[in-house]
Peer 1: 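Take this structure, written in structure tokens, and hold onto it; I'll ask about it next.
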6 protein chains.
Amino acid sequence: MRADGRRPETLRALRITRDFTRSAAGSVLIETGRTRVLCTASLEEKVPPFLRGKGRGWLTAEYSLLPGSTSPRANREVSRGKASGRTMEIQRLIGRSLRAALDMEALGERTIWIDADVIEADGGTRCASINGGYVALRLALERLVADGKLAASPLRRQVMAISAGIVGGHALLDLDYSEDSSAEVDMNVVMDGAGDLIEIQGTGENGVFDRGQLNAMLDLAIASSAEIRTAQDEA
Amino acid sequence: MRADGRRPETLRALRITRDFTRSAAGSVLIETGRTRVLCTASLEEKVPPFLRGKGRGWLTAEYSLLPGSTSPRANREVSRGKASGRTMEIQRLIGRSLRAALDMEALGERTIWIDADVIEADGGTRCASINGGYVALRLALERLVADGKLAASPLRRQVMAISAGIVGGHALLDLDYSEDSSAEVDMNVVMDGAGDLIEIQGTGENGVFDRGQLNAMLDLAIASSAEIRTAQDEA
Amino acid sequence: MRADGRRPETLRALRITRDFTRSAAGSVLIETGRTRVLCTASLEEKVPPFLRGKGRGWLTAEYSLLPGSTSPRANREVSRGKASGRTMEIQRLIGRSLRAALDMEALGERTIWIDADVIEADGGTRCASINGGYVALRLALERLVADGKLAASPLRRQVMAISAGIVGGHALLDLDYSEDSSAEVDMNVVMDGAGDLIEIQGTGENGVFDRGQLNAMLDLAIASSAEIRTAQDEA
Amino acid sequence: MRADGRRPETLRALRITRDFTRSAAGSVLIETGRTRVLCTASLEEKVPPFLRGKGRGWLTAEYSLLPGSTSPRANREVSRGKASGRTMEIQRLIGRSLRAALDMEALGERTIWIDADVIEADGGTRCASINGGYVALRLALERLVADGKLAASPLRRQVMAISAGIVGGHALLDLDYSEDSSAEVDMNVVMDGAGDLIEIQGTGENGVFDRGQLNAMLDLAIASSAEIRTAQDEA
Amino acid sequence: MRADGRRPETLRALRITRDFTRSAAGSVLIETGRTRVLCTASLEEKVPPFLRGKGRGWLTAEYSLLPGSTSPRANREVSRGKASGRTMEIQRLIGRSLRAALDMEALGERTIWIDADVIEADGGTRCASINGGYVALRLALERLVADGKLAASPLRRQVMAISAGIVGGHALLDLDYSEDSSAEVDMNVVMDGAGDLIEIQGTGENGVFDRGQLNAMLDLAIASSAEIRTAQDEA
Amino acid sequence: MRADGRRPETLRALRITRDFTRSAAGSVLIETGRTRVLCTASLEEKVPPFLRGKGRGWLTAEYSLLPGSTSPRANREVSRGKASGRTMEIQRLIGRSLRAALDMEALGERTIWIDADVIEADGGTRCASINGGYVALRLALERLVADGKLAASPLRRQVMAISAGIVGGHALLDLDYSEDSSAEVDMNVVMDGAGDLIEIQGTGENGVFDRGQLNAMLDLAIASSAEIRTAQDEA
């Protein structure tokens, strides 16, 4: 039994509020336990220089921790003039994961910007950003179709992500901050709707792990995909 | 009659949700019509170098437009390595306004960080940031008192802000984005609970204005202070 | 009676030396008491990206304190890689004020750069920058007309600026540094040649102010406009 | 059979030249096929601020592609003022992997800097950086012991890394650049001397992968650890 | 005969106005033909970290071209976030040259900042900066002695600089901008009051030069030192 | 007799390994005693904006000290966001020196990038960068000719560089780090194959020098040119 009463294989309460703002093409507030992330998808009718004239689209993701989302306060990255390595690493993961969802030829020469701004951080913000970013992306693509700019949505697969870890020797799903801080192994799994893998990253925080532990974490992650998929589809 | 049916002297619907997040010492979501700003107040138990050892506290404010808060998307300032002039100007205004609320000796050698992150922008974000920032500040100070770190709150006055402008020759209160874009004069008024002035900034966007117009805008602003004060006090 | 013997409504000695340098299209050295600012206007035959192809011109202002202009020395902003918030705020004020002087359609697709570099700082540098920048701008426009590039000057109004404040409870005009440092209220007023307002900014430095004080400061500022106008016209 | 004649499970020729430079405490040139990386380990007798006074050491890794290491030339990151996201991601991986090798209490309040500068890039630079960085680290620690600064080496495990991938449906070990560019799945595995895992990162570049493919890549990677370990030990 | 009627060995009119500003400890406006540079010397009662506690002083020089000093306008370096290579090279030359004038032990743990801001640029700005910087430095040191902070001036030699070049095959002294732009060889010579050398830099702009040309330029430079020394001494 | 047994006029052992890497168009490892620099020449089929459409080529040089090349470690310049003044000064010298070797019209609208990355630093890195950069340049130009992109090499002269100095009152050639640190005068001489001068820079580190000393250093430098030329030609 975990500190918040969950069983090892139980997700935190997952809530996705669509259309949280009206300015962006797609917008959701995703809440996973106490973690809350505002995800928006914005459209731009051009592509970065390296893709111009190739008939293909692009997706870029940016991530930030709002200063008040942690205690003590997280310094604003613009103050030191550049994003931290952690932010870079996370936004690259979100971008790769959601690009896997898109048929870039079908999208055409457009860029979709996914912004994930963490309002409250209690572990799992990168997975919440992917799960919410996917819904914001889908909403933005539906709008493109509704506006007659695209004949059909260029989505080619559903994308979802979840963390797992080894804490006190036990494989646990969906770590909150206190669990994450004391985990021996920390893993993030990005999957499609069929339970196939898009990206896995597993790190021994203070030691090594074996393939049995790896498989235990993967089993937990893949088993949770149906519940995340349902939450995304309902939003 | 204005586009949204308001009379010249009518505020947009003003809603302040306290304790919007739990990580910061004080936190509110303030909504003014479609404009929404997340304001948090965080405490740090030290002061900037220029104040060390003087027994006085400090308050710093930072402001950002989240990328999805506008259409088209607002580029993230960290990408170009520094805050824009507009952001600098706004966060200096918020900081000066809220420092006027504080007895720095009574606060002691602490810094309060006010963060105003705009979730949706429809005009009036700097005034909303001040109004919401004031409430977040008050909540954070109440926590300091409740935690026994201060005997009494070092708040010495209430702070509120509102915009007014001249649009089509008429003085209007609390401009939304469409009004602000076509205003001949744009003004921001920061006041205390007694209707005295803390800061005024008035700009002829495309021409000049006379003292009669200045006074008409000030009259509107000051008359609205009771309603803002009530919203703040209820939160 | 003030420290330097002036009466409350008296300007400091104002001297404008035109053609201080020959490299820029317009150039003046403006001296207000001990404050001295070098103002130049440079022409560029193109506009920023957001204005291209629209047939309109633009004016941008930049401001700096030279390191030796203050004691202790002011650090050069390039050393920390970006302009300070104070510099940003001032150069935005200068730019807005002088753009109000120009008919951008008549200017055509050109940019005018106004540079205000403070050689010696004793209070009132932002107003001196506007007053001197206006003259540099007028000289540059006259040169454009003399060179046959424009049929007539696109100036549409004169622009002048002055500070006022409340010091020891009294409204004073044109504060020097020692007065500014101890002022209860600090105000900058930008006006046209007819005494109408272009921008006002008033700040209670350590408290609030009422409309009577506001009006006293405005009265002083507007009354001084004729003297500034004369100094500008003579240069 | 692969383009260079290797079998799927064969490593490229691996050569480690120790003491490549004399200025750093530890230094190796590691060559993996055409990929060449200069790895150095430098000692600093202090720790970053967040560790001061805690009696523990630290290890930081930095990585760069030298401009001439690729064709076309790689722009120097200092020119745009900050490391790219890719560089950040790689140097964080190197740092985490090599910190797993160290007993920080036994190291004491020292920082070890691992620098991996890629002289020629033909795929697998991050793994080569870890493999060479480990040897440079070991050499530097031996020097600390030889100099009498430490009683025993604080190394607690051997660290080695290798890439694997799915190319044309086949699992291959140690991809070169041409294979990496066309891989369906790209994976990096960091292991200890016993074949246990320190970090795994696997990415579907253009699609998804299943657990069978994941296991095939892991099998290849783990089977190669003995050969890498031998090359490290000989150096 | 040169374009401005000078003979090959003739300096441009050299004028040094001392005490051009009152805020800095030493301040001069130096004019060499149309070139004008404001040089100030400011004192700081501490030294950079690498010198702390060593009982020695330091001198740092900074240089900038004011935007209006050239036509077309010179972009402000703070806008792109860093000083250009040319600026860096010049301010390092000024610093090395003036440090040669100082007995750092006698100065004590103080830093002298020399700022050279070019008001109008017509060739020779780096030499004018050294010549004016030397006078500003001497004035600042005299003030330190007058204020009783130093028993005697720590100046140990006079420092002066002049340019020479080969233009159209002829050795010329003190090139203006039009000569400098067409020079085959460009040289800067920094000397002491006795005609000994502190620094020489000579560059073949578009070809090579021989020792005969080198000596011709050095002869011109050294012969001019008396006239520069006199101008400095009179100021 | 010098510390390493050399006579005053003796060069350190000079070794140039061509084709050190295969990715760049030209590549050499140059070794001068313990100093080692990797020099590469890369081609880009376009020129900087200021040269577009003029039918001329360009050469740009960049220089860095790799972190492990010195003890204590040299911080990576990207960490503080910009190149140091020393780096700027050196890369400008390398660029000027090697541009003197090229007929830019014959090169056509291409840029050649010379990168000099110091692997081990023991004095004389800027001269080694020029000597090695010249060979890398020549190799890259030969490749352009071999590839049929140019009919003949646009090289118009050989370029070589050497340091000399006054140490303990004696003129010495090719200073190593320990000599350089204690030199009274430090000089760098860039020459062509005929012993004519391209650039000279001489600095009195802690005092002045006279023309006799200047000539003694120049004599040493010019006399060494044949040996450097031979080493370059053999590579």
Side-chain angles (χ1 to χ4, degrees), chain E residues 60-63 77 80-97 99-104 156-159 166 185-215 217-219 221-222, chain F residues 60-63 77 80-97 99-104 156-159 166 185-215 217-219 221-222:
Chain E
T60 294
E62 291 188 352
Y63 168 96
E77 295 189 330
R80 53 175 215 117
K82 55 186 172 187
S84 69
R86 177 184 176 274
T87 290
M88 290 278 212
E89 200 176 79
I90 293 175
Q91 61 195 15
R92 282 166 61 86
L93 172 64
I94 301 170
R96 283 193 305 265
S97 299
R99 279 193 291 274
L102 274 176
D103 178 339
M104 294 299 182
R156 57 181 191 179
R157 63 174 64 87
Q158 192 146 348
V159 176
I166 307 289
V185 187
D186 182 21
M187 187 161 192
N188 290 287
V189 183
V190 186
M191 304 162 285
D192 72 358
D196 276 334
L197 300 166
I198 293 172
E199 174 135 356
I200 62 167
Q201 295 192 346
T203 305
E205 291 295 338
N206 194 32
V208 296
F209 56 107
D210 60 29
R211 290 183 69 174
Q213 291 174 310
L214 173 64
N215 282 322
M217 293 184 289
L218 277 171
D219 290 343
I222 292 170
Chain F
T60 294
E62 291 188 351
Y63 167 98
E77 296 188 331
R80 54 175 215 118
K82 55 186 173 186
S84 69
R86 176 184 176 275
T87 290
M88 289 278 213
E89 200 175 78
I90 292 176
Q91 60 195 15
R92 282 166 61 86
L93 172 63
I94 302 171
R96 283 194 306 265
S97 299
R99 280 193 291 275
L102 273 178
D103 178 340
M104 293 298 184
R156 57 181 192 179
R157 64 174 62 87
Q158 192 146 345
V159 176
I166 306 291
V185 187
D186 182 21
M187 185 160 194
N188 290 287
V189 182
V190 187
M191 304 163 284
D192 71 359
D196 276 334
L197 301 165
I198 293 172
E199 175 133 357
I200 61 169
Q201 295 192 348
T203 305
E205 291 298 337
N206 196 30
V208 296
F209 56 106
D210 61 29
R211 288 183 71 173
Q213 292 172 308
L214 172 63
N215 282 321
M217 293 185 287
L218 277 171
D219 290 343
I222 291 172

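Chain letters run A, B, ... following the sequence lines, proteins first and then strands; every chain starts at 1.
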Peer 1: With chain E as the partner chain, list the residues of residues 84-92 of chain F whose heavy atoms fall under 4.5 Å from it, by residue number, and write 'none' if nothing qualifies.
Peer 2: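 Checking residues 84-92 of chain F against chain E gives F:S84, F:G85, F:R86, F:M88, F:E89, F:R92.
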Peer 1: Where along residues 188-198 of chain E does a heavy atom come under 4.5 Å of chain F, listed by residue number?
Peer 2: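 At a heavy-atom separation under 4.5 Å, chain F is reached by E:D192, E:D196, E:L197, E:I198.
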Peer 1: Between E:R156, E:Q213, E:M187, which residue shows the highest count of heavy-atom pairs closer than 4.5 Å to chain F?
Peer 2: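 Greatest number of close heavy-atom pairs with chain F: E:R156.
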Peer 1: Just give me the residue among F:A100, F:G207, F:A101 that pairs up with chain E most often, heavy atom to heavy atom, under 4.5 Å.
Peer 2: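 Heavy-atom pairs under 4.5 Å are most numerous for F:G207.
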Peer 1: List the residues meeting side-chain contact (heavy atoms from CB on, under 4.5 Å) with F:E205, not counting sequence neighbours, and say none if there are none.
Peer 2: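 By the side-chain contact (heavy atoms from CB on, under 4.5 Å) rule, F:E205 matches F:D186, F:T203.
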Peer 1: Name all residues meeting the side chain to side chain donor-acceptor pair (under 3.5 Å) criterion together with E:D210; count only those two or more places apart in sequence or in a different chain, and write none if there are none.
Peer 2: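 Partners of E:D210 under the side chain to side chain donor-acceptor pair (under 3.5 Å) test: none.
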Peer 1: Side-chain contact, heavy-atom cut-off 4.5 Å: E:D219 with F:R211?
Peer 2: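 The answer is yes; the side chains approach within 4.5 Å.
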Peer 1: Report which part of F:I222 has an atom under 4.5 Å of a heavy atom belonging to chain E: side chain, backbone, both, or neither.
Peer 2: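 Just its side chain gets close to chain E.
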